[in-house]
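In what follows, every heavy atom counts, from backbone to side chain, and hydrogens, waters and symmetry copies are set aside. Protein chains get the first letters and strands the later ones, always in sequence-line order, with residue 1 at the start of each.
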There are 2 protein chains.
Amino acid sequence: MNEKKIKKMGNIENCPVRNVIDRIGDKWSMLIILLLADEQVLRFNEIHKSIGTISQKMLTVTLKSLESDGLVKRTVYPQIPPKVEYELTPRGKSLLPHLLALTEWANKNMSNIKASRAQYEKSNA
Amino acid sequence: MNEKKIKKMGNIENCPVRNVIDRIGDKWSMLIILLLADEQVLRFNEIHKSIGTISQKMLTVTLKSLESDGLVKRTVYPQIPPKVEYELTPRGKSLLPHLLALTEWANKNMSNIKASRAQYEKSNA
DNA sequence: CCGAATCCGTAACGATACTG
DNA sequence: CAGTATCGTTACGGATTCGG
C-alpha cells in the first residue's frame, strides 16, 4: 500500500505529444519547416538544393507527411514543365515559435552537450 | 544571376538543432524526460512500469543517451539488491519548458491534425 | 521539372534469456 | 534490481530508374 502513484504513460497512439514528435522528430521535417519559415514559398527543387543532402525520395515523403498534417500547403501549377510550390499553413506557422525556441536552446547548449558526450565516452574507456 | 539566395542547410553534423532533435526525437526520450519532470526521482523499474510498453533494452539505451548528453543524472547505490535512481539535471530541466510548450501545442492541434490526415486519405482514394 | 516506384542496406526496435 | 547479450523483425533512408 505504500507504493508511489506514478503516472501510467506509454499508450502511444492516444498521446498527442508523441503524435507530434513522431512527425517533427524525423530526419527532415523540422529542417524543412524552418527553411520554409525563412523563405516563405519554395519550389520542390529549391528545397532540394537548399538542404543538399536530402534525397528526392525523402523530400517527397516528408513533404507529403507535412501536407497531410496540414502544416504545409502544396500548390501545383498545371504547366509544362510542372511547377509545384510549398509554403507553411497557419497551423505550420503556429508551430514555428516552439521550434525556434528549441533551436535557440540547442544553440546555447550544444557545446556543453558535446562536451558531456566526450566526457561520457572517456569514462567508459 | 537572378537566382534566389537560399540558405544552404543540411550539414547535419554541425547543425545544433538536428543534434538536439536527433536525441529527443527518438521513440522514448521525450516521454522519459516528461515523466522525470513529474516525479523528480525514479528508479529504473519505476520508469519501466510507468511507461509500460518500453522494453528493458530500450529503456537502458535511452537512459544512457540522456545521461551522456547531461540531461539526466544517474545515481547508483552500491547495495544488494542494487538501486539506481534517475533525475533530471539542470540542463534537462532547462529543456523542459520547451517540451511542455510543444506538448501544449500538440494537445491543442491534435484533433485538427487527425482530421487533416483523414481528409488527406480520402482525397487519395 | 517534379515527382513515383522499386530495390536494398542499415539501424532502430522488440522479445527473450541470462548475469552480478 | 538493474542491467547485458543475442537474435529476429521492422522501418527508415539512400541510390537508382521510370513516368507525366
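Counting heavy atoms from C-beta on, the side chains of A/Trp28 and A/Leu63 never come closer than 4.5 Å.
Between the CD atom of A/Glu85 and the P atom of C/dC1 there is a distance of 15 Å, rounded to whole Å. Distance CG (B/Leu59) to C1' (D/dG3): 10 Å, rounded to an integer number of Å. Between B/Gln79 atom CD and C/dG20 atom P the separation is 19 Å, expressed in whole Å. What separates NZ of A/Lys27 from C1' of C/dA12 is a distance of 13 Å, to the nearest Å. Separating the CD1 atom of B/Ile47 from the P atom of D/dA2 is a distance of 9 Å, rounded to the nearest angstrom. One can place CD1 of A/Ile54 at 13 Å from C1' of D/dC12, the figure rounded to the nearest angstrom. Between the P atom of C/dC1 and the CD atom of A/Glu46 lies a distance of 12 Å, rounded to the nearest Å. Regarding A/Glu67, its CD atom lies at a distance of 16 Å from the P atom of C/dC2, rounded to whole Å.
Between A/Gln56 and A/Asp26, the one whose closest nucleotide on DNA chain D sits nearer the 5' end is A/Asp26. Closest-nucleotide positions on DNA chain C for A/Lys64 and A/Pro81 were compared, and the one nearer the 5' end corresponds to A/Pro81.
Aromatic ring pairs are classed by plane angle as parallel below 30°, tilted from 30° to 60° and perpendicular above 60°; the pair A/Tyr86 and A/Phe44 is tilted.
Across B/Ser29 and B/Arg23, no two heavy atoms sit closer than the pair OG-O, 3.1 Å.
Between A/Arg74 and C/dG3 there is a side-chain N or O to OP1 or OP2 distance below 4.0 Å. Under 4.0 angstrom from either OP1 or OP2 of D/dC1 there lies no side-chain N or O belonging to B/Arg43. Taking only side-chain nitrogens and oxygens, B/Lys57 never comes nearer than 4.0 Å to OP1 or OP2 of C/dT16. The side chain of B/Tyr86 places no N or O atom within less than 4.0 Å of a non-bridging phosphate oxygen (OP1 or OP2) of D/dC1.
If you check D/dG3, C/dC2, C/dG14 against the side chain of B/Phe44, the one that comes closest is D/dG3. When distances are taken from the side chain of B/Met58 to each of D/dA2, C/dC13, C/dG3, the shortest belongs to C/dC13. Each of C/dA15, D/dC1, D/dG13 was ranked by its minimum atom distance to the side chain of B/Ser55; first place goes to C/dA15.
Checked by atom type and distance alone, the side chain of B/Ser116 pairs as donor or acceptor with a backbone atom of B/Asn112 at under 3.5 Å.
A/Val61 and A/Leu31 sit in two unconnected hydrophobic clusters of ILVMFWY residues. Membership requires side-chain heavy atoms under 4.5 Å apart, directly or through other members.
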